[in-house]
There are 2 protein chains.
Amino acid sequence: MSTLKTQYHHGDLTKSLLQSAALIIKEQGVESLSMRKLADTVGVSRTAPYHHFKDKNALLCALAEKGFHEQESMLFALKAEQKPATDVFKQYVHAYLEYALQHNETYDLMYGRTLWKAGTPSDSLKAASKQTFKAWIDWVEELQEQKVLPNSNTPLRIGQTTWASLHGLARLFIDGIYLDKEDLADMVEQMIKNLCSTSA
Amino acid sequence: MSTLKTQYHHGDLTKSLLQSAALIIKEQGVESLSMRKLADTVGVSRTAPYHHFKDKNALLCALAEKGFHEQESMLFALKAEQKPATDVFKQYVHAYLEYALQHNETYDLMYGRTLWKAGTPSDSLKAASKQTFKAWIDWVEELQEQKVLPNSNTPLRIGQTTWASLHGLARLFIDGIYLDKEDLADMVEQMIKNLCSTSA
DNA sequence: GTGCAATTTTGACACTGTCAAGATAGGTTT
DNA sequence: AAACCTATCTTGACAGTGTCAAAATTGCAC
């Protein structure tokens, strides 16, 4: 009623949809998000969302994309810290896992099957993921120069494998295979030892 | 018509369902497996499968369970080989990834969200998974004694983290995030270096 | 052959994603 | 101010899903 943005009948349905969807997903999991219920909770008719997102896949892509931007800025924020590189890396690993567990449903959208295999990742989602991955690889290269990560291979390879390790740990918790979060810190520490042994 | 087993109208619907389901899943992905289509391809009415499996979840659990048994016997087969422990471990890592990529849909059922989070893992599935995990941890302990894997932590922790690493790599390929299978062998080699550096 | 129990089918319900066609209403042009 | 256009939203509809309840079928033991 008073914003500057074009705001027809609803106000800003696009944003409302994203917000509500994120909430539902967070609280009840992505599989219990239906376009119809979503429309209902936002207060519009079943098919109204389809004028803002091509389909369900597109909506989820948008959510995932936001996740990538968050994760990327998390990385940049940490990189900017004035601390020994080793400490920053350790901190990043902890932060990565923490983010993954805290925003587990978003994390799943970002990297999970739903979008990348069962669904169709949008171009902008692919771009966002590629960009954060590149940021990561660049940082890996720096970390290699600073002898934090092993030099036994290219930045790409080291980046791929170390990330895979973090990702694997995250997934085991997210999917409910590892449950005991007491153990998480312990595992993370052990994982860091694996990743940082510069002889490897 | 001629088997010993009790075989009423169909023959052995239970087995037929599992086989067809496995095939459909392998070729088209788990999301395009519907109970109705499955019943149709097997040649029975929509609800016939429900007398053999409580629900779709139960059917998928059965498939996953089979996967665990396969994986476990794969482990035992390798363990029995008369070779240096390091070589056997390397071989196992390669075999693990190969299995995961070859039977990617089964692998996803075994460890993915579908059953463990979105669904309800059956008791026998939980038992099977626990059992293979235990077999893994036991082997890790041996590998630690043989200085193949690091002694910096308990068998459980080392087992958890090394498995997480393998799992992460597998997932990235399965979910279509890493696609270039040319690189796989390279990554696996690098991963092995990470995992085996006995100083960590 | 009769009866029982395992097995299968038919019918039904509530839910899903999404398309097509119509209604509405805000902003722009005249 | 009126007319128009276009973005937005709604209603109706269709095909598909998992699965329950009740009825039908069938093989086996007696």
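Sequence lines set the chain letters: A, B, ... in the order given, protein chains first and strands last, and positions in each chain run from 1.
For B:H167 and B:Y107, the ring centers sit closer than 6.0 Å to each other. Aromatic pair B:F68/B:Y111: centroids less than 6.0 angstrom apart.
Straight-line distance from the CZ atom of A:R46 to the C1' atom of D:dC14: 13 Å, rounded to whole Å. Between B:R36 atom CZ and C:dT16 atom C1' the separation is 12 Å, expressed in whole Å. The CG atom of B:L59 sits 15 Å away from the C1' atom of D:dT17 (whole-angstrom rounding). In this entry the distance linking NZ of B:K56 with C1' of D:dC20 reads 17 Å, nearest Å. Rounded to an integer number of Å, the gap from NE2 of B:H52 to P of C:dT7 is 6 Å. C:dA20 atom P lies 13 Å from atom OH of A:Y50, rounded to whole Å. We find that CD of B:E31 is positioned 19 Å from P of C:dT16, with the value rounded to whole Å. For the pair A:M35 CE and C:dC19 C1', the computed distance is 13 Å after rounding to whole Å.
Under 3.5 Å, the side chain of B:T47 and the base of C:dT8 form no donor-acceptor pair of N or O atoms.
For A:H51 and A:N57, each mapped to the nucleotide of DNA chain C holding its nearest heavy atom, the one lying further toward the 5' end belongs to A:N57.
A salt bridge is defined here as a Lys NZ or Arg NE, NH1 or NH2 lying under 4.0 Å from an Asp or Glu carboxylate O, and B:R46 with B:D40 fails to meet this definition. At a threshold of 4.0 Å, the pair A:K134-A:E72 does not count as salt-bridged, since none of the basic side-chain nitrogens sits closer than that to a carboxylate oxygen.
No contact: A:L38 has no heavy atom under 4.0 Å from any strand. Residue-level contact check: B:K37 touches the backbone only, with heavy atoms under 4.0 Å from sugar-phosphate atoms and none from bases. Counting any heavy atom pair closer than 4.0 Å across all strands shown, B:S34 reaches sugar-phosphate atoms only and no base atom.
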